[in-house]
2 protein chains.
Amino acid sequence: MHADEKPCERARTLDDLAKAVGVSRTTASNAFNRPEQLSAELRGRILRTAEALGYPGPNPMARMLRTGRTGSIGLLFGDTLPYALDDDTSIALLKGLARVCEKRRSGLLLLPVMDDAAAAQAVRAAAVDGFILYCLPDGSPVVPQVLERRLPVVTVDSVSVEGVPSISIDDLAGAQQAAAHLLELGHRRLAILSLDLQTEEHFGVVTRQRRSEIHYRPTALRLEGYGAAMREKGLDLRRVPVFECPGNSEEHARRATLELLAGRTPPTGILAMSDRFAIGAFQAASQLGLQVPRDLSVVGFDDIPLAARFRPALTTVRQPLVEKGVAAAEMLLKKRTPAISRVLETRLIQRESTGPAPGR
Amino acid sequence: MHADEKPCERARTLDDLAKAVGVSRTTASNAFNRPEQLSAELRGRILRTAEALGYPGPNPMARMLRTGRTGSIGLLFGDTLPYALDDDTSIALLKGLARVCEKRRSGLLLLPVMDDAAAAQAVRAAAVDGFILYCLPDGSPVVPQVLERRLPVVTVDSVSVEGVPSISIDDLAGAQQAAAHLLELGHRRLAILSLDLQTEEHFGVVTRQRRSEIHYRPTALRLEGYGAAMREKGLDLRRVPVFECPGNSEEHARRATLELLAGRTPPTGILAMSDRFAIGAFQAASQLGLQVPRDLSVVGFDDIPLAARFRPALTTVRQPLVEKGVAAAEMLLKKRTPAISRVLETRLIQRESTGPAPGR
DNA sequence: TCCATTTTCTTGATCGTTTCAGATCACCCG
DNA sequence: CGGGTGATCTGAAACGATCAAGAAAATGGA
């Protein structure tokens with residue numbers, strides 16, 4: 001039809017394609033993006049020629065530059081990627097985000113966050129329409145970096161940033177229920193297995209000094225919740241040992257529990273800030289020949305899928321893990337990201353890992 | 001110093017910044033990308049002004065367009081994203097990929113793959129330097145779409161594509177070991193819990209017809225491996241029921257096992273193509289009051305983290321899940337993606353879910 | 001038949017970088 | 001003193017698309 005259709009040469013740009021078909025570049029562009037702007041016949045011809053020439057469609061980078069939209073959102077973890085993927089709660093968040101992204105046909109870019117420098121670079125170089133910040137600690141230097149990009153941002157389980165919408169859970173109420181439950185059962189000698197308090201990792205019972213400066217919001221709130229329940233019973237959180245275990249690892253929790261149980265006044269009830277910690281505590285107990293919940297009660301946090309299936313099944317604080325992701329992604333992908341914050345509910349799930357305090 | 005520094009106005013482009021400092025655009029660009037091209041003094045001044053003006057660094061889209069590099073790789077699943085994130089093997093792959101990406105400071109873009117149309121669009125629009133294709137079935141229409149982009153590609157556990165490097169595991173040998181193990185223990189009445197054979201989901205014992213057309217390479221190879229072990233003992237794979245369970249779900253495997261055990265000649269040994277299936281089989285057994293491995297032996301596949309912790313601990317075929325991801329990402333991120341394929345080893349791990357055939 | 005309207009296609013500007021090929025300048029050496 | 005040599009810095013040309021505005025062609029109504 002057109003003499004200058006050369007199927008031998010590959011078309012790399014819209015111009016090549018347009019020339020091959022014998023139309024203008026804009027028309028070729030419209031064939032891809034605005035079907036209503038040209039006759040069906042011509043559109044068909046352009047698309048067929050594109051196919052024949054092996055033209056892979058408009059270059060994404062050029063399109064992004066021109067339109068300013070990228071069609072994907074960036075996810076920034078407070079921890080390194082492989083580490084986050086070891087954690088059931090992050091996976092669940094990811095699942096929630098993915099659900100929404102897929103529905104909206106948006107990509108989900110996992111940003112590398114090895115160290116602060118790498119994270120900063122990743123944030124500057126990310127071709128995204130917005131950021132989700134997950135588990136970022138107070139004072140993290142990447143937060144200002146993100147804000148500088150002037151893109152929509154939603155934080156999840158992070159430090160609260162002025163003017164930035166956030167999704168979080170009611171950590172305080174959840175922790176309060178957990179502690180109230182143990183106290184209700186008559187436990188008076190409690191111990192806490194705590195998530196990281198500060199960005200610098202630490203393993204051991206924390207000093208009053210360290211307790212007073214907590215970088216991670218959920219940790220702070222959960223501690224506060226535990227304390228609130230204790231106050232109601234006339235107990236003092238400051239007298240309860242808080243054992244900090246870095247990185248939500250079972251192994252650390254196991255060793256921590258071992259240490260706690262070896263103390264002069266071993267706890268009868270353990271408040272674990274995660275289900276992984278609770279499982280670690282189980283391991284310590286069984287290692288010492290103690291039975292859960294007969295000799296030791298443990299209440300976890302999160303209600304990860306494993307919690308219900310574990311024997312003994314975990315008594316734990318359920319938080320809507322996947323929902324958090326859904327809410328965050330939806331908030332971010334809204335036309336105008338609303339400047340509101342949502343606090344999702346938590347609720348104690350009683351299963352088999354808690355019982356009356358021994359000697360009652 | 002320079003009269004035209006206006007800290008009130010935000011600099012949006014390199015030009016703005018350059019003008020504010022009183023240098024050329026190129027120099028401003030060099031301040032960010034080529035420190036050796038300008039004096040330290042000037043560079044410092046440019047960077048400081050950038051900070052002061054709130055310039056977030058060179059626009060990523062423009063940079064990508066110009067350089068042709070994006071600094072991230074795309075991951076395409078054969079299944080929808082939320083579904084893939086429900087699967088421990090995908091998570092492990094992700095972990096491997098993430099490890100390498102983080103080391104190389106590359107992003108990892110999860111592409112939405114709701115349906116073929118969405119996947120095609122996502123592939124065309126993805127700003128990536130290469131693709132990883134995971135678990136893509138034979139005849140998937142997105143494969144040609146990906147190839148059209150003329151970017152490096154590495155397939156993982158997928159249909160093999162001419163000229164495209166691939167990472168896979170020795171499915172055949174692994175399955176063969178699994179079956180040989182059961183046969184060795186005296187089991188003669190076997191049944192297979194199979195992963196998807198074809199893209200159209202199916203739940204039930206498969207016909208000979210369906211067996212002959214398998215879209216998923218690992219499934220085909222594992223079946224072949226089971227058959228090879230059987231042939232050695234004079235058995236015929238075609239006489240062994242193959243129960244197809246869609247989507248690696250425990251629940252389907254449980255129901256499948258229930259059906260199999262209710263048949264006229266219930267199996268004494270079950271070859272599960274995944275650990276999830278094996279766990280489903282456990283549930284069915286315990287539901288019928290059968291003991292594993294006394295009454296029923298089950299051998300899984302994958303060796304997911306849960307396999308060792310489960311009671312009874314799973315006898316299963318270990319495949320290097322994380323390693324697959326590492327290998328794939330490294331291959332893709334090499335300067336010149338090598339056109340070779342790697343087949344990683346598999347190996348039977350004997351634990352507690354297999355024992356001698358009853359009545360021996 | 002002719003003007004108004006709609007459909008269809010084109011022109012030219014623009015998005016914000018990077019990069020190549022100089023230009024400028026001081027400096028050093030013979 | 002003249003020219004070679006680095007060290008710094010600049011100008012202009014891409015990179016490949018989209019979009020607003022306008023031209024050309026087709027359509028319709030009186």
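Letters A, B, ... mirror the listed sequences (proteins, then strands); counts begin at 1. Note that the structure is a prediction, hence the values are computed from the model and not measured. Any value given below was found using the heavy atoms of this structure, including those in side chains, with hydrogens, waters and symmetry copies removed.
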Completion exercise
The side chain to side chain donor-acceptor pair (under 3.5 Å) partners of B/R149 (sequence neighbours excluded) come to none
Problem - DNA chain C contacts among residues 59-74 of chain A, heavy-atom distance under 4.0 Å - result: A/L65, A/R66
Handout entry: A/R34 CZ to D/dA21 P, straight-line distance once rounded to whole Å
Key = 13 Å
Problem - B/R43 vs D/dT8: side-chain N/O to OP1/OP2 distance below 4.0 Å - result: no
Practice task
Pick base, sugar-phosphate or nothing for A/T27, based on heavy-atom distances below 4.0 Å to the nucleic acid.
Solution key: base
Fill in the blank from the handout: For A/T80, the side chain to side chain donor-acceptor pair (under 3.5 Å) test, sequence neighbours excluded, returns none
Handout entry: First and last nucleotide of DNA chain C, 5' to 3', lying under 4.0 Å from heavy atoms of chain B
Key = C/dG16 to C/dT19
Handout entry: Earlier contact from the 5' end, DNA chain C, for A/T26 and A/E36
Key = A/E36
Exercise for the section: Give a yes/no on whether any side-chain N or O of B/S39 is located under 4.0 angstrom from OP1 or OP2 of D/dC9. Expected result: yes
Exercise for the section: State which residues pass side chain to side chain donor-acceptor pair (under 3.5 Å) with B/D86; sequence neighbours excluded, sorted by chain then number. Expected result: A/K95
Practice task
Using a 4.0 Å heavy-atom cut-off across all strands, classify A/Y55 as base, sugar-phosphate, or nothing.
Solution key: sugar-phosphate
Practice task
Ignoring backbone atoms, establish whether A/N30 has a side-chain N or O less than 4.0 Å from OP1 or OP2 of D/dT18.
Solution key: no
Problem - Terminal helix-axis angle for the helix from C/dT1-D/dA30 to C/dG30-D/dC1, with five pairs defining each axis and rounding to 10 degrees - result: 40°
